[in-house]
Amino acid sequence: QERMSVLFWIVSLNLEGTGVNHIRKATVADASRVAEILVFTKRMNYRSIFHNDQVSFGEMQVLPLAQEYLNRPERLENIWVYDDEFVKGMVHVENGWIQELYVDSFFQNAGIGTRLVRFAIRQFDVQRLYVLEKNGRAIWFYQKEGFSLTLDRQVEQGTTEYVVKMERQKPASPQPQKCSFISQGV
């Protein structure tokens, strides 16, 4: 009995700090927070690339996006949030692709994005994503997580900017070792 308690304590310590226990499926209760993270993080990261204040401050608004999630909760179906007291980041995964990964600007560089991308890889076998070609910070981040740039690039819909495909190579499966037995005349 005591040995099991010690083992459980060790496992709990090993999970602490991984953030795994803070990642959960998004719900309609998260609608406003997910919308807020998406809108403000996109403004912070993309305004210098797109130079389009009409989109950044006119079209991208928190309230309409939150209402869209409330009115169509199926839009949250493939979104997972990092919640360790309140929602600090989100990842949207579909068909083995990361569609979106954003962390609130106030909580960036705290390992939340890393935890979310590793969760997506582990849970959904994510191997691919598109990233804005001019978003060097995101490219560096994904490269650190094992993704590589490909030659596949295309114009981001409705813009003149390019997105580039990144792929992650699955780790090689260990090859079975051939065993050779020397006959001892047995």
Side-chain angles (χ1 to χ4, degrees), residues 23-83 86-121 124 126-145 147-168:
I23 298 173
R24 62 172 175 76
K25 196 167 187 56
T27 68
V28 292
D30 302 315
S32 64
R33 188 68 183 122
V34 169
E36 180 183 12
I37 289 169
L38 283 170
V39 169
F40 287 107
T41 307
K42 285 180 178 184
R43 283 179 183 160
M44 296 291 292
N45 291 315
Y46 301 149
R47 185 171 182 245
S48 64
I49 294 172
F50 291 110
H51 306 287
N52 189 336
D53 286 348
Q54 177 55 41
V55 171
S56 292
F57 299 100
E59 294 176 23
M60 287 190 332
Q61 295 290 320
V62 174
L63 183 58
L65 182 56
Q67 286 174 329
E68 176 74 13
Y69 287 135
L70 292 171
N71 294 336
R72 295 184 51 216
E74 67 274 8
R75 289 206 50 211
L76 294 166
E77 183 64 29
N78 299 306
I79 295 177
W80 297 79
V81 295
Y82 182 92
D83 179 357
F86 52 90
V87 174
K88 294 180 179 178
M90 55 79 64
V91 63
H92 176 181
V93 179
E94 285 191 51
N95 302 318
W97 289 73
I98 291 179
Q99 302 293 326
E100 300 174 293
L101 183 134
Y102 293 101
V103 175
D104 187 304
S105 300
F106 289 102
F107 304 105
Q108 290 179 359
N109 300 310
I112 295 168
T114 298
R115 290 177 181 120
L116 286 166
V117 77
R118 289 180 182 172
F119 169 82
I121 290 166
F124 303 106
V126 165
Q127 301 299 316
R128 294 170 298 284
L129 58 94
Y130 277 99
V131 63
L132 278 167
E133 191 173 55
K134 290 183 179 177
N135 193 344
R137 205 169 133 207
I139 291 170
W140 174 83
F141 168 78
Y142 289 119
Q143 285 175 328
K144 189 175 64 115
E145 294 304 318
F147 289 85
S148 299
L149 289 168
T150 69
L151 298 177
D152 183 358
R153 68 192 280 260
Q154 57 193 34
V155 174
E156 172 72 2
Q157 185 179 359
T159 75
T160 58
E161 299 297 332
Y162 283 89
V163 291
V164 64
K165 183 179 180 181
M166 296 187 79
E167 291 184 328
R168 184 175 178 278

Note to self: Return the CZ to CG distance between Arg168 and Leu129, rounded to the nearest 0.5 Å.
What the structure shows: 11.0 Å
Notebook entry, point to check: If you round to the nearest 0.5 Å, how far is CD1 of Ile37 from CG of Leu65?
Noted result: 11.5 Å
Margin query: Could you check whether any side-chain N or O of Gln108 sits under 3.5 Å from a backbone N or O of Val103, counting only pairs where one atom can act as donor and the other as acceptor?
Written below: yes
Notebook entry, point to check: For the residue pair Val163 and Glu156, what are the closest heavy atoms and their distance?
Noted result: CG1-OE1, 3.2 Å
Notebook entry, point to check: In Å, rounded to the nearest 0.5 Å, how long is the span from CD of Glu133 to CD of Gln154?
Noted result: 11.5 Å
Notebook entry, point to check: For the atom pair CZ (Arg47) and OG (Ser56), what is the distance rounded to the nearest 0.5 Å?
Noted result: 6.5 Å
Note to self: Could you go through Leu149 and Tyr142, starting from their C-alpha distance and side-chain angles, then the distance that decides it, and tell me whether this counts as side-chain contact (heavy atoms from CB on, under 4.5 Å)?
What the structure shows: CA-CA 9 Å; Leu149 289 168; Tyr142 289 119; over 6 Å; no
Note to self: According to side-chain hydrogen bond (donor to acceptor under 3.5 Å, both in side chains), who are the partners of Lys25, at least two apart in sequence or on a separate chain?
What the structure shows: none
Margin query: When you compare the side chain of Met60 with that of Leu38, does any pair of heavy atoms fall below 4.5 Å?
Written below: no
Notebook entry, point to check: Should Gln99 and Asn78 count as side-chain neighbours, where that means a heavy-atom distance under 4.5 Å?
Noted result: no
Next item on the list: Could you tell me whether Lys165 atom NZ has more than 12 heavy atoms of other residues or ligands within 6.0 Å of it?
Entry: yes
Margin query: Show the nearest heavy-atom pair for residues Ala66 and Ser32, with the distance to one decimal.
Written below: CB-CA, 3.8 Å
Next item on the list: Would you name the heavy atoms of Ala138 and Val131 that are closest together and state the gap between them?
Entry: CB-CG2, 3.6 Å
Checklist line | Counterpart residues, ring-ring contact (aromatic ring centres under 6.0 Å, His included), relative to Phe86 (two or more places apart) | finding: Phe107
Item checked: Steps toward side-chain contact (heavy atoms from CB on, under 4.5 Å) verdict (Trp97, Tyr130) -> CA-CA 9 Å; Trp97 289 73; Tyr130 277 99; 3.3 Å; yes
Margin query: Please give me the minimum heavy-atom distance between Val28 and Tyr69, naming the atom from each residue.
Written below: CG1-O, 4.3 Å
Note to self: Using the rule side chain to side chain contact (heavy atoms under 4.5 Å, CB included), only one of Ile98, Ile139, Asp152 pairs with Met166; which is it?
What the structure shows: Ile139
Check: About how many Å separate CD of Glu167 and OG1 of Thr150, when rounded to the nearest 0.5 Å?
Finding: 5.5 Å
Next item on the list: Could you go through the side-chain contact (heavy atoms from CB on, under 4.5 Å) check for Tyr46 and Asn135 one step at a time?
Entry: CA-CA 8 Å; Tyr46 301 149; Asn135 193 344; 3.7 Å; yes
Margin query: For a 4.5 angstrom cut-off between non-hydrogen side-chain atoms, does Arg24 reach Asp30?
Written below: yes
Check: Restricting to pairs with a member in residues 55-68, which pass salt bridge (Lys or Arg N to Asp or Glu O under 4.0 Å), not counting sequence neighbours?
Finding: Glu68-Arg72, Glu68-Arg75
Note to self: If I compare all heavy atoms of Met90 with all of Leu116, which pair ends up nearest, and what's the gap?
What the structure shows: N-CD1, 3.6 Å
Notebook entry, point to check: Aromatic rings Phe124 and Trp80: how do their planes relate, parallel, tilted or perpendicular, breaks at 30° and 60°?
Noted result: tilted
Next item on the list: State, with a plain yes or no, whether a side-chain heavy atom of Asn45 is found less than 4.5 Å away from one of Arg137.
Entry: yes
Check: Excluding sequence neighbours, so at least two apart, what forms side-chain hydrogen bond (donor to acceptor under 3.5 Å, both in side chains) with Glu145?
Finding: Arg118
Check: Would you say Arg115's side chain and Tyr82's backbone share a donor-acceptor pair under 3.5 angstrom?
Finding: no
Notebook entry, point to check: Can you list every pair that meets salt bridge (Lys or Arg N to Asp or Glu O under 4.0 Å) and has a residue in residues 98-113, with sequence neighbours left out?
Noted result: Arg33-Asp104, Lys42-Glu100
Note to self: Once rounded to the nearest 0.5 Å, what's the spacing between atom CG of Asp83 and atom OG1 of Thr27?
What the structure shows: 9.0 Å
Note to self: Suppose we screen for salt bridge (Lys or Arg N to Asp or Glu O under 4.0 Å). Which residues come up paired with Arg128, at least two apart in sequence or across chains?
What the structure shows: none
Next item on the list: Would you indicate whether the side-chain heavy atoms of Phe50 and Thr159 approach each other to under 4.5 Å?
Entry: yes
Check: Of the non-hydrogen atoms in Gln61 and Phe57, which two are nearest, and what is the gap between them?
Finding: NE2-O, 2.6 Å
